[in-house]
Structures are given as structure tokens and as C-alpha cells.
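Notes to accompany the following structure.
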Protein chains: 2
Amino acid sequence: MHYFTISDLAHEFDVSTRTIRYYEERGLLSPIRTESGQRLYTKKERAKLKLILRGKRFGFSLDEIHEMISLFDEDRTGKKQLEKTVEYGRRKLKEVNERIEDLLQLKAEMEALLSDFEQRLRQWEGSDG
Amino acid sequence: MHYFTISDLAHEFDVSTRTIRYYEERGLLSPIRTESGQRLYTKKERAKLKLILRGKRFGFSLDEIHEMISLFDEDRTGKKQLEKTVEYGRRKLKEVNERIEDLLQLKAEMEALLSDFEQRLRQWEGSDG
DNA sequence: ATTTTAATTGACGTTGACGTAAAAGTCAAC
DNA sequence: GTTGACTTTTACGTCAACGTCAATTAAAAT
């Protein structure tokens, strides 16, 4: 298997190495280390970074993202653990659905506004241009 | 017409009065004042606050929101102004569409994960509970 | 009329999410 | 085998978006 260096990921996702190390400080990433101490990232860690950045784009805090990542990450063997995970997952999914609804509403509002403006523009052009 | 006080809005939208004043500092709101200097908010100002909070939920910065609000707010009489507004509106609408796509993807990932967990849970219950 | 509640400005404090600089070690290229 | 690019930790800096006093004034309730 092949690993990524910190600057590999930094370039790919256009973030600073500082940012990636900060995510590790916060417990969001856990790269392995070479003998000399340099970080190496597996495909899975890379996928986690992708998820973090996606979450950020929606305004989730790093704490929230941390919880969401632990879904993909932790060893959930016991039944209780699994039940808690599923319950948490359902809650988060509901939040995501609400955000989608909200965004669709914003989209509708903006479209209405836009078509109004565009109509005014056409009137202008019909009489003057 | 009837006005809202700052705490009316604070309660309705569950934000602090400090937050509302801060939005005014940043030029996002412009309440009128009583003779003694107290803020009064019209329905339109209330709608603007609603928009601000919606924007925030999607991770837009206050600066971005400021631009979006000016769409609803400014006096757009000249043709040039109108054209700029429409162009900006189209750009923002595109961003919103991209965010929706992104969120739908996140939703799909979470649903896949959840159904996997739920299946594991059913296996557990089939054999043990 | 006076207690309580709510509003004002001003200023400093805080938190999250990094940026940036320094000192030292490491790896790849020539 | 040394230059130069890259990495490490440590630590202090920064900026947005408020929170939190404090002192003062105004409005509402009793």
C-alpha cells in the first residue's frame, strides 16, 4: 500500500499543512509515523480529511465534524455501541435534511428575486435598448 | 404599522441582543430610533435578520451575507446597477446549487452508512435478541 | 414615586480556526 | 557530502463573531 505525505494532501485539497496538523491536534486525523517521526496518511485518513472539509463547507464546527467522523472511525462492536451510533446517525441525518430544505427555500427566494430583476431588465431593453 | 424592539427579535430568533447590535455595527441592519435612541425594527428589518441567520447556517460569512442582503435592500434604478445585480445573483444562485448538490452527496453517504449499521444491528437481534 | 426591567454605548475578554516565525532534524538531488 | 526542499515541535499572533462587564438612561410595573 502507498501513503501520502502531509504536503501531498495539502496540495490536493488546497489547505495548509498547519491546518492538517491542527486537525490532528483536535483528534480528527491520526496519521502513522515513520521511524523519524514524519507523518504518513493512508487512503482512509485521506478520506477523513475530505469529509472534514466537506463538513466545514456546511458550517459544521470541528467538534461536530469530530462526532460525525467517529461514526466512520470507531470500533463499534457491542450492541449498545451500535445502537447509540445508529441513533446519533439518524439525528445527524435529520439535521442534514433540514439544511437541504432550508437551502432549497433560499434557492427559491433567490430565483424569484432574480426573475423579477430580469423582467425589469427586459422592460428596460424593450423601451430603451 | 407596528415595530419590534431588539429583545422581541432576540427572543423570536433566539440570538442575543449583542448579536443584533453587532450586525448593525457591521452594516447588516439599520433600525430606526426613538427620540431617546432606542432601536425599533420594521417588518423589513426583521426579514433581513431572518436572512442573515439563514445565511449563517450555511456557513456564509457576514461579509458575504452583507452582499446578499444588499440585493434585497439597495435602490437599483439604473440599468447598469440592475445588470450587476442580476449577474451577482446568478453567481450566488450557482453557489447555492453547488451546496445543495454537496449536501445531497453527504446525505447519501450517511444513509449508506446508516443502513449498514442497521443491518448489523438486525443480525445481532436475529441471533441474540 | 420608586422598584424592576430593558435599553444604550464603550471597552475589554474569549473562542475557534488557523497563520506565522523560529529552531532543529530529515530526505532527495546533484 | 552538502545544498535545498521538506518536516517536526513549540509558541506566539490574528481575525471574526460574538460574550461580558460597567456605567448610564429609559420604560414598564407596582
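Just so it is clear, the model here is predicted, and its values are computed rather than measured. First the proteins, then the strands, lettered A, B, ... as listed; each starts at 1.
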Any A:Thr5 side-chain N or O less than 4.0 Å from OP1/OP2 of D:dC6 = no

Which part of the nucleic acid does A:Thr34 contact within heavy-atom distance under 4.0 Å: base, sugar-phosphate only, or nothing?
-> nothing

Among D:dA17, C:dA7, C:dA17, which nucleotide sits nearest the side chain of B:Lys56?
-> D:dA17

From the list D:dT7, C:dC18, C:dA7, which nucleotide is the closest neighbour of the side chain of A:Thr19?
-> C:dC18

What are the two closest heavy atoms between B:Arg26 and B:His66, and how far apart are they?
-> O-CD2, 3.6 Å

Whole Å only: how far is the OH atom of A:Tyr22 from the P atom of C:dG19?
-> 11 Å

A:Arg99 NZ/CZ over A:Phe60 ring centroid, <6.0 Å and within 45° of normal = yes

Which part of the nucleic acid, if any, lies within reach of A:Thr17 when heavy atoms closer than 4.0 Å are counted: base, sugar-phosphate only, or nothing?
-> nothing

For the pair made of NE2 in A:His66 and P in C:dG16, what is the distance, rounded to whole Å?
-> 14 Å

Selection from D:dG19, D:dT9, C:dT20 that lies nearest to any side-chain heavy atom of A:Arg39 | D:dT9

Is B:Ser61 touching bases, backbone alone, or none of the nucleic acid, heavy atoms closer than 4.0 Å?
-> sugar-phosphate

Just by modelled atom types, is the A:Glu45 backbone N or O under 3.5 Å from a matching donor or acceptor in the A:Thr42 side chain?
-> yes

A:Arg18 side chain near D:dT8 phosphate (N/O to OP1/OP2, under 4.0 Å) | no

Nearest 0.5 Å, what's the CG-OH distance between B:Leu29 and B:Tyr23?
-> 9.0 Å

Distance check: side-chain N/O of A:Ser36 vs OP1/OP2 of D:dT8, anything under 4.0 Å?
-> no

Base, sugar-phosphate, or nothing: which does B:Arg26 touch, judged by heavy atoms less than 4.0 Å apart?
-> sugar-phosphate

